[in-house]
Every structure is written in C-alpha cells, then in structure tokens.
There are 2 protein chains.
Amino acid sequence: MSYDDSCPVCRTAEIVCGKWTLLIIRDLAEGRSRFCELERSLKGISPRTLSLRLRALEEEGIVERQTFPEVPPRVEYALTEKGLALVPLIEDMRSYGRRWLGADGECTPASGEAELVVPAPPAAAAA
Amino acid sequence: MSYDDSCPVCRTAEIVCGKWTLLIIRDLAEGRSRFCELERSLKGISPRTLSLRLRALEEEGIVERQTFPEVPPRVEYALTEKGLALVPLIEDMRSYGRRWLGADGECTPASGEAELVVPAPPAAAAA
DNA sequence: TCCCGGTACTTCAGTTCGTGAAGTCTTGCG
DNA sequence: CGCAAGACTTCACGAACTGAAGTACCGGGA
C-alpha cells in the first residue's frame with residue numbers, strides 16, 4: 001500500500017481507512033453485535049464488504065469473533081482491547097462531525113456514549 | 001457514498017477516509033507546505049491523487065490554497081481552522097499506532113510535533 | 001541556440017476496491 | 001414442498017488509486 005511502516009499515523013491510517021471500517025468499530029463500541037445487525041445498522045454496506053472488513057479486523061486483533069452452533073448459525077463480533085483503544089478516535093470524529101459538519105444525529109443508540117466518554121461534567125460549565 | 005448524513009461519525013468518515021487524506025492533514029499540521037514538498041513527504045502518492053485530495057479538501061474548507069505568481073509558479077497549502085480541528089484525531093492515531101502497532105518512527109520532521117503540543121519551551125533548552 | 005531543471009499539475013491505461021443483486025447451505029415450520 | 005432466517009460467497013460492474021508520461025512556464029548553462 002506504499003505507506004511508511006515506521007510512522008504510527010500511517011500504520012493507523014492503513015487499518016482505519018477502509019470504507020466502513022470506522023463505522024463498524026463505532027457500532028461494536030456499543031457492544032457485541034451479529035453480522036446481520038451490523039448489516040442493518042450500517043445501511044448500505046454490502047455483505048461482501050462487511051465480511052471482508054470483519055475478517056481483516058479479526059486478523060488485526062481488533063475484533064473477536066464468536067460462533068454459536070445453533071440452527072440458523074449465529075456469529076457475534078466484539079471489540080478486543082486493541083479495538084476498544086480506537087474508541088477515542090471515534091469520539092473525536094463524533095465531536096468533529098457535530099462541531100464542523102453540522103451533523104447532529106445520534107446514529108448509535110446513545111446508550112454507550114455517556115458511559116464511554118464523559119467521566120462527569122463539572123456542573124460549573126452549564127452555569 | 002451511501003453513508004448516513006445525519007451521523008457525525010459518518011460525515012467525518014467521509015472526509016477522512018480517502019487514502020492519504022489523513023496523512024496530508026498530518027503534514028499540513030506541521031505548517032504550510034507546497035505541492036512538491038507534500039509529494040516528497042508522502043512517499044508513494046501519485047500527483048493525481050495528491051491533486052484530487054487537495055482539491056477536495058479545499059472544497060470542504062479544510063485546506064487553504066495560496067498561489068504566488070512567481071516564475072516557477074509556487075502554490076502553498078495550509079490548514080484552515082476547520083482543518084486544524086482535525087489535529088486531535090491525528091494525534092490519537094499517532095498514539096494508537098505507537099501503543100498498539102509498534103510503530104515508533106517520527107514520520108514528520110519532528111519539528112512541529114513539539115511546537116503543536118508544547119506552548120513555549122523554557123529558555124533553558126537553548127543554553 | 002538548444003536543452004535541462006524545477007514547479008504544479010493533467011492525461012492515460014491499468015489495477016484494486018467497493019457495489020448491488022443473486023446464490024449457497026442448513027434446518028424448522030405451515 | 002417451499003419459504004424463512006442467518007451468515008456468508010460469487011459475479012459483473014463502476015469508482016478509486018496507481019505509475020508513467022506529458023504540458024506549460026522560464027532562467028541558466030554548454
């Protein structure tokens with residue numbers, strides 16, 4: 001891919017810059033998820049791309065895959081520690097999008113967001 | 001591109017996920033730069049891609065382009081405020097790369113890094 | 001005089017990446 | 001039987017990215 005391997009920004013860019021990759025991680029940051037849930041949440045992704053991304057992310061050790069031997073087979077994906085470490089990146093993107101791109105949708109169930117980021121807003125800021 | 005427009009993460013992903021885009025911003029975060037400097041620093045980028053990215057980034061209001069009517073014509077690119085707001089993202093990527101991908105190179109002239117983060121080195125450093 | 005080098009690109013042909021639609025495999029249900 | 005669910009593959013096509021080459025400009029050296 002011709003990026004410079006010794007540069008940490010390049011290395012991260014390589015992982016992160018496939019189309020949909022960051023969005024998959026954003027979804028998984030909310031909790032473990034199944035293939036078809038991701039497919040539904042990432043409206044517009046092709047199953048081929050989702051499959052490819054998930055596989056690559058698994059190889060990188062960013063997501064973990066767990067198969068259940070049920071009868072429509074069930075597979076769940078979750079972030080590893082290495083994957084969780086990307087969440088601050090996502091949060092930066094979220095605030096950037098809100099501040100500079102005028103995007104204010106939730107796009108994720110809003111459940112995890114508070115947990116993940118805000119430790120405890122100092123009540124003073126509001127006043 | 002089929003991303004969800006109301007989602008801030010998606011919107012940012014759209015901007016940021018072209019190959020090289022983040023690296024261009026990383027370079028520009030070190031200070032204004034010319035086309036051929038970027039070309040040299042981003043070893044392996046094709047001039048076409050660089051040109052395309054720079055143009056797109058300009059349209060987005062992330063970089064500013066300034067032309068000097070000199071005799072080999074000179075063009076300089078710099079981050080706007082909207083572009084500078086992406087620097088924390090780059091810094092997250094840098095620490096992620098260092099911590100989780102074992103990449104410890106500098107990849108940028110090392111000059112800017114300190115400038116950007118440290119407000120003013122105590123005069124003792126020079127002596 | 002003619003060619004060279006530097007800068008900022010554009011054009012071209014070819015490869016890789018991502019897409020939508022459709023197909024695969026398994027078993028439970030009506 | 002035939003469809004449904006779930007997790008994918010396969011296929012053919014278009015978009016993105018690539019390397020090599022070309023364009024336009026002019027000053028300077030052989």
Side-chain angles (χ1 to χ4, degrees), chain A residues 1-5 10-11 13-28 31-60 63-78, chain B residues 1-5 9-11 13-28 31-60 62-78:
Chain A
M1 276 210 183
S2 67
Y3 280 154
D4 176 359
D5 269 7
C10 296
R11 294 292 306 282
E14 245 175 297
I15 287 181
V16 127
C17 274
K19 200 179 165 186
W20 299 105
T21 304
L22 253 358
L23 281 332
I24 292 172
I25 294 168
R26 173 203 69 186
D27 275 21
L28 257 20
R32 53 200 306 110
S33 188
R34 308 170 54 171
F35 191 92
C36 67
E37 288 172 340
L38 290 168
E39 213 177 346
R40 272 190 286 269
S41 156
L42 272 21
K43 281 190 276 292
I45 196 176
S46 65
R48 172 183 148 79
T49 303
L50 180 53
S51 178
L52 250 32
R53 290 281 142 273
L54 252 8
R55 209 169 299 284
L57 256 13
E58 205 192 337
E59 294 243 314
E60 286 287 351
V63 318
E64 246 174 10
R65 176 197 152 96
Q66 194 180 358
T67 322
F68 298 84
E70 298 178 0
V71 137
R74 183 158 58 104
V75 182
E76 286 189 355
Y77 298 90
Chain B
M1 278 210 183
S2 69
Y3 279 155
D4 176 358
D5 270 6
V9 184
C10 297
R11 293 292 305 282
E14 244 175 298
I15 287 181
V16 128
C17 276
K19 201 180 164 184
W20 300 106
T21 304
L22 252 358
L23 280 332
I24 292 172
I25 294 168
R26 174 203 67 186
D27 275 20
L28 258 20
R32 52 199 308 110
S33 188
R34 308 170 54 171
F35 192 90
C36 66
E37 289 172 339
L38 290 168
E39 214 177 344
R40 272 190 286 269
S41 155
L42 271 22
K43 281 191 277 291
I45 195 173
S46 65
R48 173 180 148 80
T49 304
L50 181 53
S51 178
L52 250 31
R53 288 285 139 268
L54 252 8
R55 210 169 298 284
L57 256 12
E58 204 192 338
E59 293 242 314
E60 286 286 352
I62 288 172
V63 318
E64 246 174 10
R65 178 195 152 97
Q66 195 181 357
T67 323
F68 299 84
E70 299 177 359
V71 137
R74 183 157 60 103
V75 183
E76 286 189 354
Y77 298 89

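Below, chain A is the first sequence line, B the second, and so on; all start at residue 1.
Rounded to an integer number of Å, the gap from A:Arg65 CZ to D:dG6 P is 16 Å. Per the geometry, CD belonging to B:Glu39 stands 12 Å off C1' belonging to D:dG19, to the nearest Å. When the P atom of D:dG6 is taken as reference, atom CD of A:Gln66 falls 18 Å away, rounded to whole Å. Computed from coordinates, the B:Glu14 CD to C:dG18 C1' distance equals 15 Å when rounded to whole Å. Following rounding to the nearest Å, B:Phe68 (CZ) and C:dG6 (C1') show an atom-to-atom distance of 17 Å. Remark: C1' of C:dT7 and CG of B:Leu54 are 14 Å apart, rounded to the nearest angstrom. Across the protein-nucleic acid pair, A:Leu50 atom CG and D:dT9 atom C1' stand 13 Å apart, rounded to whole Å. Residue A:Ile24 contributes atom CD1, which lies 14 Å from atom P of D:dA7 at whole-angstrom precision.
Defined by atom type and a distance below 3.5 Å, a donor-acceptor pair is missing between the side-chain atoms of A:Asp27 and A:Ser33. Between the side chains of B:Ser51 and B:Arg55, at least one donor N or O sits under 3.5 Å from an acceptor N or O.
The two residues A:Pro47 and A:Phe35 have their closest heavy-atom pair at O-CZ, 3.7 Å. Minimum heavy-atom separation, A:Ala78 to A:Arg32: CB-NH1, 3.6 Å.
Taken from CG in B:Leu54 to CG in B:Leu28, the straight-line distance is 7.0 Å, to the nearest 0.5 Å.
Within the structure, a side-chain polar atom (N or O) of B:Ser51 is placed less than 4.0 Å from OP1 or OP2 of C:dT10. An OP1 or OP2 oxygen of C:dA8 is reached within less than 4.0 angstrom by a side-chain nitrogen or oxygen of B:Arg34. Taking 4.0 angstrom as the limit, A:Arg53 places a side-chain polar atom (N or O) nearer than this to OP1 or OP2 of C:dG18. B:Arg40 has no side-chain polar atom (N or O) that falls below the 4.0 Å cut-off from OP1 or OP2 of C:dA8. Close to D:dC17, at under 4.0 Å from its OP1 or OP2, lies no side-chain N or O of B:Thr49.
With sequence neighbours excluded, no residue forms a side chain to side chain contact (heavy atoms under 4.5 Å, CB included) with A:Pro73.
Here C:dG18 is the nucleotide among D:dC8, C:dG18, D:dT18 with the atom lying nearest to any side-chain atom of A:Lys19. Listed nucleotides: D:dC17, C:dT7, C:dT19. Nearest to the side chain of B:Trp20: D:dC17.
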Determine whether A:Arg48 and A:Leu52 satisfy the following criterion, side-chain contact (heavy atoms from CB on, under 4.5 Å), listing intermediate values before the conclusion.
CA-CA 6 Å; A:Arg48 172 183 148 79; A:Leu52 250 32; 3.9 Å; yes

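The 5' end of DNA chain D is approached more closely, in terms of each residue's nearest nucleotide, by A:Cys36 than by the other of A:Cys36 and B:Gly18.
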Close N/O contacts between protein and nucleotides 20-28 of chain C (under 3.5 Å):
unit_1	atom_1	unit_2	atom_2	d
C:dG20	OP2	A:Gly44	O	3.1

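By the 4.5 Å heavy-atom criterion applied to side chains, A:Arg65 and A:Thr67 are counted as neighbours. Side-chain contact check for A:Leu23 versus A:Ile45: every heavy-atom pair is 4.5 Å or farther apart. The closest side-chain heavy-atom distance from A:Arg26 to A:Leu42 is below 4.5 Å.
End-to-end axis angle of the helix from C:dT1-D:dA30 to C:dG30-D:dC1, from C1' rotation axes over five pairs per end: 40° (rounded to 10 degrees).
At the heavy-atom level, B:Tyr77 lies under 4.0 Å from the strands shown only through sugar-phosphate atoms.
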